[in-house]
Number of protein chains: 2
Amino acid sequence: MALTRDDVVDAAVRLLAEVGLEGLSLRRLARELGVSAPTLYWHVADKRTLLDHVAERLLVDQWHVTPPAPGEDWADWLRERATRQYRALVTHRDAALVVAGNRPTEAAMPAVEQVLGTLVGAGFAPTQAFAAIQAVGNLVIGSALEYQAERERDTAVDASEGTAHDAARFPQHAALTAVLADRSEHGADHEALFRHGLELMIAGLRVQLGDAVAPA
Amino acid sequence: MALTRDDVVDAAVRLLAEVGLEGLSLRRLARELGVSAPTLYWHVADKRTLLDHVAERLLVDQWHVTPPAPGEDWADWLRERATRQYRALVTHRDAALVVAGNRPTEAAMPAVEQVLGTLVGAGFAPTQAFAAIQAVGNLVIGSALEYQAERERDTAVDASEGTAHDAARFPQHAALTAVLADRSEHGADHEALFRHGLELMIAGLRVQLGDAVAPA
DNA sequence: GTAGCGTCTCTAACACCGTTAGAGGAGGGG
DNA sequence: CCCCTCCTCTAACGGTGTTAGAGACGCTAC
C-alpha cells in the first residue's frame with residue numbers, strides 16, 4: 001500500500017517525540033518511512049504545512065466538543081477544558097513551539113464555537129467571551145512554552161552552577177526559596193503553577209460577570 | 001577598531017528586525033558586519049547564545065527597576081510593568097520567539113526581586129507573589145507570541161480566502177463578527193486584547209488578596 | 001493488447017546552513 | 001628581535017529545505 005499523508009503526519013509526530021523539533025528533518029523523517037526525502041513533497045506541500053498538520057494532530061483530542069454537563073458551572077467546565085489543553089501541549093515534546101507557529105485550521109472552529117456559546121450562555125457579552133477565550137488560550141500556550149523551554153534548557157546545560165544567589169541582595173528570593181525548599185525538584189509543579197494562573201483568570205471572569213465572590 | 005561582541009549583538013538585533021528570525025543566519029550577519037562568518041565564533045560561542053544576548057538586549061529596557069510611586073496602587077504598577085513588557089516584545093519582530101527560547105540571565109534578577117517585593121508588600125504571600133509573576137509573564141509571552149505568529153502568517157498567505165463561514169453552523173461566530181465589524185482591520189487591537197486578559201488576571205489577584213487579608 | 005494517464009517514488013542537484021580546523025597578520029612587551 | 005595575544009581569514013564537513021525531471025506501477029479506454 002502506498003504512503004498516505006496521514007502516515008507521514010503520524011511518523012512526524014512519533015519522530016517529534018523522539019528527537020524534538022530541532023532533530024525533525026525531512027530526510028530523517030523520510031528514512032523513518034523507508035522512503036527518499038523528496039517523496040515527502042508529493043504528500044505535503046512544505047515543511048511548514050507538515051508542521052501545521054502535526055499541530056492539528058496534537059490538538060485533535062481537544063476538539064471533541066463536549067458541552068458542559070447539565071447544571072455544571074461554566075467555570076468548572078472552562079477550567080477543565082483549559083487544563084486538558086495545557087496537558088496536551090505539555091505531554092508532547094516541543095508541542096508548544098509547533099502549535100505556536102501554526103496556522104489555525106478550519107477544524108478548530110466547532111470547538112471555539114462551543115466555548116463561545118457556553119460563555120455567552122453564562123451571561124458574558126460576545127466580545128467578553130471572545131476576549132476570555134483568547135486570554136485563556138494565550139495563558140495556556142505561554143505556560144506550556146515556558147515550561148518546555150526551561151525543561152530543554154536544563155537537559156542541555158545539565159551541570160550548571162547551583163542557584164546560590166546573594167541573599168542580602170535578593171531578600172525576596174531568599175524568603176521564597178526557603179518556602180519552596182520543601183517541594184520536590186526543579187519546577188516540580190509546573191501544572192500547579194499553570195492552574196494558579198488559570199484560577200486567577202477565572203476569578204477575574206467571575207468578577208466581570210458580577211458573580212458574588214463566592215467562597216467564604 | 002576591532003569588532004566587539006556588542007557590535008555583533010547590535011547588528012543581530014538590526015538584522016532580526018529586517019529579515020526576521022528565519023532570515024537571521026550567521027553568514028548573513030557576518031556579511032552585514034563586513035566580516036567572514038567564522039569570525040563571529042571568536043566573539044560568540046554559539047548561535048544559540050548569540051540569540052540569548054539578543055533576547056537580553058531586547059528586554060534590557062525592562063530592567064530599570066522602578067519601584068511604585070509612593071501611594072501608587074500595586075495593581076496599577078503591575079499593569080504598567082506588564083504592558084511595557086508586552087510592548088517591548090511586540091514592537092520587535094519575532095521577539096517573542098527569541099525570548100521564549102532564551103535562557104534567563106542573571107541580569108533579570110533585580111527586576112524580579114522588585115516585583116516580588118512589591119507584591120509581598122501589598123499583602124501577598126511569597127508563593128502567591130511568585131505564582132502571580134509567573135502567570136503574568138506567561139500571559140505576556142503567550143499573547144505576544146500569538147500576535148506575532150498571526151501577523152507573520154498574514155503576510156505569508158496574503159490573499160487567503162475571506163473568513164466567510166457558515167452562519168448557520170457557527171451562530172456565535174456570526175454574532176461576534178457582527179459586533180466586531182465596526183472595528184478596524186485584522187486584529188486591530190491586539191494590545192487591547194492583551195490588556196483585557198491582564199485585567200482579568202489583576203481582578204483575580206485582587207480577589208485573592210481579599211481572601212488572604214480578610215478571610216471571611 | 002496496447003496506448004494513455006494519474007499516482008507515487010526515485011536520483012541528482014542547488015543554494016544555503018551552523019560549525020570546526022588551522023593558518024596568518026597586526027600590534028605591543030620583554 | 002622574538003614571542004604572544006588578539007582578531008580575522010580560507011577551506012571544508014556534514015547537514016538542511018527544496019526543485020527538476022525521469023521512471024515505475026496500475027487502471028481505464030479504445
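Chain identifiers are assigned alphabetically (A, B, ...) following the order of the sequence lines, protein sequences preceding nucleic acid strands; residue numbering begins at 1 within each chain. Predicted model, so just to flag it, every value in this text is computed and none were measured.
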task = Compare side-chain N and O positions of S36(B) against OP1 and OP2 of dT8(D) and report whether any pair is under 4.0 Å apart.
result = no
key: Pair listing, salt bridge (Lys or Arg N to Asp or Glu O under 4.0 Å) test, anchored in residues 131-141 of chain A, at least two apart   = none
message = When you measure from the side-chain N and O atoms of H43(B) to the phosphate of dC6(D), is any distance below 4.0 Å, counting only OP1 and OP2?
response = no
query = Atom CZ of R48(B) to atom P of dT19(C): distance rounded to whole Å?
reply = 11 Å
task = Round to a whole Å and report the spacing from CG of L3(A) to C1' of dT9(C).
result = 10 Å
key: Side chain to side chain, L51(A) and N102(A), heavy atoms closer than 4.5 Å   = no
Sequence-distant partners of F194(B), ring pair (Phe, Tyr, Trp, His ring centres under 6.0 Å), two or more places apart = Y86(B)
task = Would you please say whether a donor-acceptor pair under 3.5 Å links the side chains of D46(B) and T49(B)?
result = no
task = Please list, chain by chain and in numerical order, all residues satisfying side-chain hydrogen bond (donor to acceptor under 3.5 Å, both in side chains) with R87(B), sequence neighbours excluded.
result = E191(B)
remark   = Residues of residues 5-19 of chain A with a heavy atom under 4.0 Å from any atom of DNA chain D, listed by number, are none
task = List in chain and number order the residues that pass side-chain hydrogen bond (donor to acceptor under 3.5 Å, both in side chains) with E56(B), two or more places apart in sequence or in another chain; answer none if no residue qualifies.
result = T105(B)
Check nucleotides 15-17 of chain C against the protein and report each pair of N or O atoms closer than 3.5 Å, with its distance, or say if there are none.
from	atom 1	to	atom 2	distance (Å)
dC17(C)	OP1	S25(B)	OG	2.6

Show the atom names and distances, to 0.1 Å, of all donor-acceptor pairs under 3.5 Å that link a side chain in residues 131-144 of chain B to residues at least two apart or in another chain.
from	atom 1	to	atom 2	distance (Å)
N138(B)	ND2	S143(A)	OG	3.2
N138(B)	ND2	Q134(B)	O	3.4
S143(B)	OG	N138(A)	ND2	3.2
S143(B)	OG	L139(B)	O	2.7

query = In whole Å, what is the span from the CG atom of L40(B) to the P atom of dT10(D)?
reply = 13 Å
What side-chain donor-acceptor pairs closer than 3.5 Å can you find for residues 30-42 of chain B, not counting sequence neighbours?
from	atom 1	to	atom 2	distance (Å)
S36(B)	OG	T39(B)	OG1	3.3
T39(B)	OG1	S36(B)	O	3.3

query = How close or far is atom C1' of dT16(D) from atom CG of D46(A), stated in whole angstroms?
reply = 14 Å
Show me the donor-acceptor pairs, under 3.5 Å and distance only, between side chains in residues 12-26 of chain B and residues at least two apart or in other chains.
from	atom 1	to	atom 2	distance (Å)
S25(B)	OG	R28(B)	N	3.0

task = Output all residues satisfying side-chain hydrogen bond (donor to acceptor under 3.5 Å, both in side chains) with E146(A), sequence neighbours left out; order by chain, then residue number.
result = none
Restricting both atoms to N or O, compile the protein contacts to nucleotides 22-25 of chain C shorter than 3.5 Å, with distance only.
none

task = Would you please name every residue forming a ring pair (Phe, Tyr, Trp, His ring centres under 6.0 Å) with W77(B), sequence neighbours left out?
result = none
task = Rounded off to whole Å, could you give me the OH-to-P distance for the Y41(B) and dG18(C) pair?
result = 7 Å
